[in-house]
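Below is one structure, written out as C-alpha cells; the observations come after it.
All heavy atoms count here, side chains included; hydrogens, waters and symmetry mates do not.
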Amino acid sequence: MMSIRFISGFVFGAGSGIAAFKFYTFEEQKNVKENADLSSIQRLIGRFGFPQSGADTRFYHNHVLSYDQARRTPRWVAEHLSAQRLLGEVDRKHCRFKSDPDVPDRFSAQNEDYFRSGWSRGHMAPAGDNKSSIEAMAETFYLSNIVPQNYENNAGFWNRLEMYCRELTERFSDVWVVSGPLMMPAPTDDGRKIVSYQVIGKHDVAVPTHLYKLILVQKDPGSLALGAFIIPNAPLGFDHTLAEFQVTISELERLTGLHFFPELDRPEQIPSLCEHDSCDLMDFRRFTLYISGRKIKSAMNLQKLEKILKELEEKGITPDEYLREAYQRKRREILEREEQQMKNDGAER
DNA sequence: CGGACTTCTTCA
DNA sequence: TGAAGAAGTCCG
C-alpha cells in the first residue's frame, strides 16, 4: 500500500472520488460514536461497531483495487495507461507471486492455494503495464491483484486483450482500464438460474466464471470512447473476436453490482470503443511472431534458438524481417559468448 | 507477452 | 536441517 502521504496527496491534489470514499467511510464510523442526532436505538445497535468488509480502496504505485475478503480475489482493479508510462525495461522474471502484506492472513490467498489447482494466477493489472518501475511491477504480483484463470485464456485471448489496451495508447493520450472477476448465473434445465463456482486451496479462493474489462479512452478533452467486455474464463482461440464479448456498461454494472466511473457524465452516451477504434486483437500470425520474438531474446544457446525457428516453420509461419534480425543478433551474441568461454577455460589451464 | 514447476542457494 | 527465496527450465 502507498504511504499516507501519497494518499492524502492524491485526495487533495487530484480530488479523486475514489480516495474521497475512504474519507467518507471514516466519517461514517465517526458519526456512529459522536453524532448526537442518532437515536438511542441506533446508537445501541452500533454499540460494538458494525461489520466491516474491508472493502476499502487499496492504493499501489501504479494500480488501485478493491479486495473481496470472502473470495480472496479483487473486486475490481483500476489502471491508467499512457504511452509514456508504458516505457521501461523491467523484467517480470525478477518478480514473484506472494500474498499481499496488507491483507490479513485469514482473508488472504496464498501461492499454495493455486499450486496444482488446475488454474493459473491471472493478473488483473498486468505486469506488462508496469515495465517502468520494479516496485510497481512487484506489487502487481501480490495475490490481491490475482484471480484463478484458465491457463490458455490467460496466455492467449486475455493476453492479447491486454496487448490491445497497451496498443490503444498509440492512438489515445489516456487509457483507463478496470478489470475484475465475475460470477455469471447459468440457466438450468428446469428454467432456474444458478450461480456456482469452484473454490481452490486451503483458503477457498473463488474461481470466476468470467472476467470483465472496462476500457475508457480519451484523445482530446471531451472526446471519449468506452468499451465493456465480459470474457469467459475458458480457452478462447483465434476464431473469437473481442467485439462478440462487448456489453453495455450498464449491463456490466448490473452484473458486478459496481458503479464504474461515477464521476463520468452519461456513460451510455459515450461512443462505443469498437466503433471508434477497431477492437482488433492480434491475429494468429502476428501473435505467434511476437511470442517467438520474446523467446528468441531469452534463448541461452543455439539449440534453443533453432528450436524456436523450427516450431515457427511447423506452424506454417515464415519469419518477418524483425524476427530474422532478432535471430541473427542473438545467434552472434551466443557465438561470441561461447568463444569467450573457450578462451577463459584455456587460460585457467 | 502470459504462465507452471523443479532445482539450487541461502540462512536461521 | 528445513523452509523460503532465487534461478533455471519448460510451455502456450
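Side chains of A/F50 and A/I45 form a contact here, defined as non-hydrogen atoms less than 4.5 Å apart.
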Please list, one pair per line, the donor and acceptor atoms closer than 3.5 Å that link side chains of residues 220-227 of chain A to other protein atoms, with sequence neighbours excluded.
none

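Rounded to an integer number of Å, the gap from A/W158 CH2 to B/dG3 P is 11 Å. As rounded to whole Å, 13 Å separates atom C1' of B/dA4 from atom CD1 of A/I200. Atom CD1 in A/I146 sits roughly 6 Å away from atom P in B/dG3 (whole-Å rounding). Between A/I296 atom CD1 and B/dC1 atom P there is a gap of 15 Å when expressed in whole angstrom units. If you measure from atom CG of A/N130 to atom P of B/dC1, you get 11 Å, rounded to the nearest angstrom. Remark: C1' of B/dG2 and OH of A/Y290 are 10 Å apart, rounded to the nearest angstrom. Nucleotide B/dG3 holds its C1' atom 12 Å from the CG atom of A/N153, rounded to whole Å.
Distances shorter than 4.0 Å separate none of the side-chain N or O atoms of A/H123 from OP1 or OP2 on B/dC1. The side chain of A/R121 contributes an N or O atom lying less than 4.0 Å from OP1 or OP2 of B/dA4.
For A/N145 and A/H123, the side-chain atoms include no donor-acceptor pair closer than 3.5 Å. Between the side chains of A/R85 and A/N130, no donor-acceptor pair is found at a separation under 3.5 Å. One side chain, A/S120 or A/N154, offers a donor N or O that lies under 3.5 Å from an acceptor on the other. Counting only N and O atoms by type, the side chains of A/Y67 and A/D56 include no donor and acceptor under 3.5 Å apart. Side chains of A/Y60 and A/D100: a donor-acceptor N/O pair is present below 3.5 angstrom, by distance only.
Using a 4.0 Å heavy-atom criterion, one finds that A/E162 contacts the sugar-phosphate atoms exclusively. At the heavy-atom level, A/G293 lies nowhere under 4.0 Å from the strands shown. Within the nucleic acid shown, A/G156 has no heavy atom closer than 4.0 Å to any nucleic acid atom. Among the atoms of the strands shown, none is found under 4.0 Å from any heavy atom of A/K98. At a threshold of 4.0 angstrom between heavy atoms, the contacts of A/K304 are confined to the sugar-phosphate backbone, with no base atom among them. Looking at heavy-atom distances under 4.0 Å, A/R166 makes contact with sugar-phosphate atoms alone, never a base.
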**Protein proximity profile, nucleotides 6-12 of chain B - base contact B, sugar-phosphate-only contact S, no contact -, cut-off 4.0 Å on heavy atoms** = S------
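Taking 4.0 Å as the cut-off between side-chain N and carboxylate O, A/K310 and A/E313 do not count as a salt-bridged pair. Between A/R324 and A/E321 there is no salt bridge, since none of the side-chain N atoms of the basic residue sits less than 4.0 Å from a carboxylate O of the acidic one. Between A/E170 and A/R166 there is no salt bridge, since no side-chain N of the basic residue sits under 4.0 Å from a carboxylate O of the acidic one.
Of the residues near DNA chain B, A/D91 and A/F97, the one whose nearest nucleotide (by heavy atom distance) lies more toward the 5' end is A/D91. With the nearest nucleotide of DNA chain C identified for both A/H94 and A/K307, A/H94 has the one nearer the 5' end. Across the interface with DNA chain C, nearest-nucleotide mapping of A/K295 and A/M300 shows A/M300 to be the residue nearer the 5′ end.
The nucleotide range of DNA chain C contacted by chain A, defined by atoms under 4.0 angstrom from heavy atoms of the protein and reported 5' to 3', is C/dA6 to C/dG12.
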